[in-house]
Student: 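One structure coming up, written as structure tokens, with questions to follow.
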Amino acid sequence: MKIGIVCYPTFGGSGVVATELGLAMSRKGHEVHFITYSQPVRLDLLSPNVHFHEVHVPDYALFHYQPYELALSSRLVNVIKTYGIDVLHVHYAIPHAYAAYMTKKMLEDMGIKLPIVTTLHGTDITLVGSHPFYKAAVTFSINQSDVVTTVSESLKQDTEKLFKIYKDIKVIPNFIDLTTHVDPQKCERHVLAEPNERIISHISNFRPVKRIADVIDIFKLIRETIPSKLIMVGDGPEKAAAEDQVSAYGLANDVVFLGKSREINQVLCYSDLFLLPSEAESFGLAALEAMAFGVPVVSSNTGGLPELNINGQTGYFSNVGDVIAMAEQAKRILSDDKTLNQFKTNAKNHSIRYDINDIMPLYEAAYEEAVQLVQ
Ligand code: GMT
């Protein structure tokens with residue numbers, strides 16, 4: 001199949017899912033075309049089966065806001081016609097599902113049928129999409145997609161609650177490539193912590209929804225009884241405040257801020273615990289990536305997290321903001337090696353359910369269904 005993929009090319013989870021899915025599809029023999037405003041961060045290798053088409057939005061002084069949707073849909077028309085794309089898969093509703101609908105209509109005028117698959121990732125529904133400024137357009141473009149998927153049962157329910165959706169929504173969870181591993185020689189735990197210390201990590205884009213202050217509060221409480229280090233990976237609007245909080249707590253020697261990193265596996269390979277106390281989290285891809293490295297998770301119980309993080313088995317979850325409960329749960333996991341190793345094994349075993357090789361066929365089936373629907 002020739003598949004067009006539209007996504008945000010940045011460090012967010014939706015872009016990661018879109019890129020990893022596209023690359024996996026290309027390895028299976030599909031021809032994949034990424035169409036977005038810059039090369040997706042996890043897309044290093046272009047090959048005969050993987051193409052990248054940049055969307056340019058020229059600056060024009062008259063426009064207060066540059067019309068990205070217009071540039072995107074025009075570029076899509078051009079790419080779809082030139083390469084004979086069979087199906088367009090858009091990740092994140094805003095504005096991608098809307099631009100996809102416009103593209104479909106323009107192509108219809110030229111006698112070309114375009115099947116559209118839309119994957120909803122979370123904030124496009126829960127935080128941004130349901131805002132009255134966007135709601136009508138988001139509802140319309142979801143309903144106009146041929147196939148709609150969400151990344152968790154919880155996000156499906158939120159979508160049905162927040163919007164008037166008359167389409168059936170398929171749940172296709174996030175996935176993981178289980179063949180990814182780090183050479184033990186390169187897993188340099190000793191660089192970051194003493195042998196008696198536990199290593200706790202957090203990876204995100206440091207947006208308010210991640211509750212970065214809670215991560216540091218939880219760590220402070222753990223640190224009172226368990227020698228440990230905290231590794232903070234990522235960058236975003238809350239980072240400066242987090243650095244101030246760490247200094248104010250006198251923890252500067254125990255917390256390392258690594259910034260944006262493409263080497264998250266190098267951190268996960270020696271982590272003992274992953275913290276994700278988010279306000280909202282449709283799935284929690286970062287937690288799954290941690291689990292695949294055998295890292296237990298302490299999280300909030302928001303959104304799709306309880307579907308992924310099995311309480312008392314792969315880690316624990318608590319109400320959003322309950323840092324005391326989360327710190328207690330973390331201490332329970334980290335208190336002795338036997339308990340920690342059991343949680344590590346459980347986390348690793350559970351991640352196998354999300355093997356990319358099992359999830360990818362679900363997307364292929366969605367593409368085929370969309371193609372059938374527009375015949
Ligand atoms: O979590 C983020 O800040 C990034 C965000 C995105 O839209 O790129 O991630 C969302 O999509 C991921 C992939 O499906 C999910 O694993 C994340 O849970 C989801 N984030 C939220 O719902 C906050």
Side-chain angles (χ1 to χ4, degrees), residues 5-22 24 36-38 40-43 89-97 117-131 134 138 148-159 161-162 169-177 202-212 214-215 232-239 260 264 274-292 297 299-309 317 320 351 353-354 356 359-360 362-363 366:
I5 294 185
V6 177
C7 63
Y8 281 105
T10 48
F11 277 84
S14 61
V16 170
V17 167
T19 311
E20 300 286 358
L21 178 64
T36 181
Y37 57 82
S38 68
V41 283
R42 289 210 188 172
L43 185 68
H89 187 180
V90 296
H91 293 260
Y92 210 87
I94 307 169
H96 299 154
V117 175
T118 295
T119 292
L120 308 174
H121 281 273
T123 47
D124 47 350
I125 297 303
T126 50
L127 290 187
V128 193
S130 57
H131 192 283
Y134 298 119
V138 173
V148 180
T149 78
T150 59
V151 297
S152 63
E153 192 56 49
S154 146
L155 184 60
K156 174 179 173 169
Q157 284 168 18
D158 283 343
T159 309
K161 203 163 59 204
L162 293 166
I169 297 177
K170 292 179 196 311
V171 176
I172 306 184
N174 286 177
F175 49 78
I176 191 86
D177 180 352
H202 171 80
I203 302 172
S204 78
N205 47 22
F206 285 57
R207 287 186 297 151
V209 71
K210 302 293 172 181
R211 296 185 70 97
I212 300 298
D214 286 6
V215 174
M232 302 285 279
V233 184
D235 204 349
E238 299 292 296
K239 187 163 168 227
K260 279 184 189 163
I264 59 165
F274 188 80
L275 294 177
L276 195 62
S278 309
E279 181 88 35
E281 202 68 68
S282 66
F283 180 87
L285 179 61
L288 173 60
E289 292 184 323
M291 284 158 75
V297 174
S299 70
S300 61
N301 60 2
T302 188
L305 284 173
E307 293 170 48
L308 172 68
N309 186 18
F317 53 74
V320 172
S351 72
R353 291 182 184 208
Y354 300 91
I356 189 169
I359 305 297
M360 193 171 43
L362 305 179
Y363 278 114

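Note that ligands are numbered from 1 as they come in the structure, with each ligand's atoms numbered from 1 the same way.
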Student: With sequence neighbours left out, what residues match E279 under salt bridge (Lys or Arg N to Asp or Glu O under 4.0 Å)?
Tutor: R211

Student: For Y92, take its heavy atoms, then give the atoms of ligand 1 lying under 4.0 Å from any of them.
Tutor: 7 (O)

Student: Check ligand 1 against N205 and write out every atom of the ligand that is under 4.0 Å from a heavy-atom position of the residue.
Tutor: 2 (C), 3 (O), 4 (C)

Student: Below 3.5 Å, N or O to N or O, backbone or side chain included: is there any such pair between A280 and ligand 1?
Tutor: no

Student: Counting from 1, what ligand 1 atoms have a heavy atom of G284 closer than 4.0 Å?
Tutor: 15 (C), 16 (O), 17 (C), 18 (O)

Student: Under 3.5 Å, N or O to N or O, is V209 touching ligand 1 that way?
Tutor: no

Student: Would you check if H89 and L21 make a side-chain contact, meaning some heavy-atom pair closer than 4.5 Å?
Tutor: yes

Student: Between E279, E281, R207, flag the one that comes closest to atom 18 (O) of ligand 1 by a heavy atom.
Tutor: E281

Student: Where does the angle between the aromatic ring planes of H96 and Y8 fall among parallel (under 30°), tilted (30 to 60°) and perpendicular (over 60°)?
Tutor: tilted

Student: Hey, which atoms in ligand 1 end up nearer than 4.0 Å to a heavy atom of S282?
Tutor: 15 (C), 17 (C), 18 (O), 19 (C), 21 (C), 22 (O)

Student: To check you understand the geometry: which heavy-atom pair defines the closest contact between L120 and T159, and what is its length?
Tutor: CD1-CG2, 3.6 Å

Student: Ignoring hydrogens, what is the shortest heavy-atom contact between N205 and P237? Give both atom names and the distance.
Tutor: O-CD, 3.9 Å

Student: Only counting residues at least two apart or in another chain, list the ones meeting salt bridge (Lys or Arg N to Asp or Glu O under 4.0 Å) with K156.
Tutor: none

Student: Please work out, at 4.0 Å between heavy atoms, whether the side chain, the backbone, both, or neither of V151 comes within that distance of ligand 1.
Tutor: side chain

Student: Can you find a side-chain donor-acceptor pair between T119 and T149 that sits under 3.5 Å?
Tutor: yes

Student: Could you tell me if any non-hydrogen atom of K210 lies under 4.0 Å from any atom of ligand 1?
Tutor: yes

Student: Using a 4.0 Å cut-off to any heavy atom of L285, which atoms of ligand 1 qualify?
Tutor: 16 (O)

